[in-house]
J.: 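Structure in structure tokens, see below.
Naming convention: chains lettered A, B, ... in sequence-line order (proteins, then strands); numbering from 1 in each chain. Not measured: the values here are computed from a predicted model.
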2 protein chains.
Amino acid sequence: MPETSRSVADPPQLTAEHRELLDEVLDKWSLQVLDTLCERTSRFNELRRAIPAVTQKSLTATLRRLERNGMVERVIVRTRPIAVEYRITPLGTTLQELIDALLRWTTANMPRVQRARAHFDEET
Amino acid sequence: MPETSRSVADPPQLTAEHRELLDEVLDKWSLQVLDTLCERTSRFNELRRAIPAVTQKSLTATLRRLERNGMVERVIVRTRPIAVEYRITPLGTTLQELIDALLRWTTANMPRVQRARAHFDEET
DNA sequence: CAGGATCCTGGAGGATACTG
DNA sequence: CAGTATCCTCCAGGATCCTG
């Protein structure tokens with residue numbers, strides 16, 4: 001069948017829906033939150049301490065977003081005062097593997113990038 | 001040496017530098033620009049037509065950013081009027097492979113994500 | 001054709017104060 | 001402790017007009 005075939009692994013189409021999911025899940029704070037939760041389940045204020053630069057508002061928003069998309073699970077512990085634990089889900093773990101691939105790529109190619117930048121910046 | 005060892009593939013550290021590179025290179029329009037240029041070298045207005053939603057300003061900014069980071073190459077063709085070709089670099093190709101991995105992940109997991117969202121949204 | 005220059009606006013996200 | 005509720009700022013990015 002002479003379909004206009006692409007390469008071997010047939011890269012999927014980038015729709016607005018996929019773009020939006022990536023935005024929600026790869027956003028500024030999500031990477032650090034997921035990274036922290038991969039090491040161990042944490043409570044709200046533990047996360048704040050693990051990620052000092054995040055504000056309470058942004059952390060809440062990030063956790064809600066990740067929870068809504070099924071990346072983390074929110075577990076309420078009925079003590080007094082209340083405690084809330086955040087743990088990564090299996091789906092979140094698959095995402096973390098992807099993020100690690102991103103970080104390995106940046107690490108491996110940062111020198112080339114910096115040379116490209118230096119070259120670009122010194123022109124004119 | 002009893003360093004605090006991590007897992008097998010030792011996931012690299014997320015520094016501000018790496019975060020910033022990912023932001024510059026995985027941004028809203030970059031994915032579509034890279035995707036288009038992977039299929040074939042294109043000129044400015046070809047890109048505009050390939051990505052109808054992008055404004056001229058945003059496309060220019062995206063191309064400059066990608067060029068600065070060594071992902072695309074800008075080739076000036078001295079005709080009248082002038083023509084400019086944008087082609088993907090080897091480094092850009094490695095990035096595209098990564099993006100394809102992202103898209104494969106979203107494609108594979110979109111059903112789970114949508115179930116998670118439905119579940120989350122119907123709770124009160 | 002391939003941009004540069006301006007003006008403008010929405011909405012992300014910080015700071016701060018309060019609460020079940 | 002784990003959030004909500006407001007207010008406010010800032011700037012990415014769209015719309016528009018102009019040019020080598």
J.: If you check the A:Arg64 side chain, which of C:dA2, C:dA15, D:dG3 turns out closest?
T.: D:dG3
J.: Rounding to a whole Å, what distance do you find between A:Arg65:CZ and C:dG11:P?
T.: 15 Å
J.: Just how far, in rounded Å, is C1' of D:dA12 from CD of B:Glu24?
T.: 13 Å
J.: Charged N to carboxylate O below 4.0 Å: is that the case for B:Arg87 and B:Glu85?
T.: yes
J.: Closest-nucleotide mapping onto DNA chain C: is A:Pro81 or A:Asp27 further toward the 5' terminus? I mean the 5' end.
T.: A:Asp27
J.: If the threshold is 4.0 Å, N to carboxylate O, is there a salt bridge linking A:Lys28 and B:Asp23?
T.: no
J.: By nearest nucleotide on DNA chain D, pick out whichever of A:Lys57 and A:Leu63 is the more 5' one.
T.: A:Leu63
J.: Quick one: salt bridge (charged side-chain N to carboxylate O under 4.0 Å, His left out) pairs with a partner in residues 44-63 of chain A, sequence neighbours left out?
T.: A:Arg40-A:Glu46
J.: Between B:Ile76 (CD1) and C:dC1 (C1'), how many Å, whole number?
T.: 13 Å
J.: Would you say the side chains of A:Tyr86 and A:Arg43 form a donor-acceptor pair under 3.5 Å?
T.: no
J.: Measure CD/B:Glu85 against P/C:dG3 and give the value in whole Å, please.
T.: 12 Å
J.: Which nucleotide sits closest to the side chain of B:Ser58: D:dG3, C:dA15, D:dG14?
T.: D:dG14
J.: Quick one: which of D:dG14, C:dG14, C:dG3 gets closest to the side chain of B:Phe44?
T.: C:dG3
J.: Whole angstroms only, please: what is the CG-C1' distance between B:Leu47 and C:dC1?
T.: 13 Å
J.: How many Å lie between CD1 on B:Ile51 and C1' on D:dG13, as a whole number?
T.: 15 Å
J.: Nearest to the side chain of A:Ala83, which nucleotide is it out of D:dA2, C:dG14, C:dG3?
T.: D:dA2
J.: Using a 4.0 Å heavy-atom cut-off, does A:Arg43 contact any base of the nucleic acid, only the sugar-phosphate backbone, or nothing at all?
T.: sugar-phosphate
J.: Is the shortest side-chain N/O distance from B:Tyr86 to OP1 or OP2 of C:dG3 below 4.0 Å?
T.: yes
J.: For the side chain of A:Thr55, counting heavy atoms from C-beta on, which of C:dC1, C:dG14, D:dA2 is nearest?
T.: C:dG14
J.: Would you mind reading off the distance between B:Asn45 atom CG and C:dG3 atom C1', rounded to a whole angstrom?
T.: 9 Å
J.: Whole angstroms only, please: what is the CD1-C1' distance between B:Ile82 and D:dT19?
T.: 13 Å
J.: Heavy atoms from C-beta onward define the side chain here; which of D:dT4, C:dA2, D:dA2 lies closest to that of A:Arg74?
T.: D:dA2
J.: Let's go through B:Leu14 and A:Leu103 carefully: what are the C-alpha distance in whole Å and the side-chain angles of both, what is the deciding distance for side chain to side chain contact (heavy atoms under 4.5 Å, CB included) to 0.1 Å, and is it a yes or a no?
T.: CA-CA 7 Å; B:Leu14 171 63; A:Leu103 293 187; 3.8 Å; yes
J.: Taking any heavy-atom pair under 4.0 Å as a contact, classify B:Arg48: base, sugar-phosphate, or nothing.
T.: nothing
J.: Please tell me which of the listed nucleotides, C:dC1, D:dG3, C:dG3, lies nearest to the side chain of B:Gln56?
T.: C:dG3
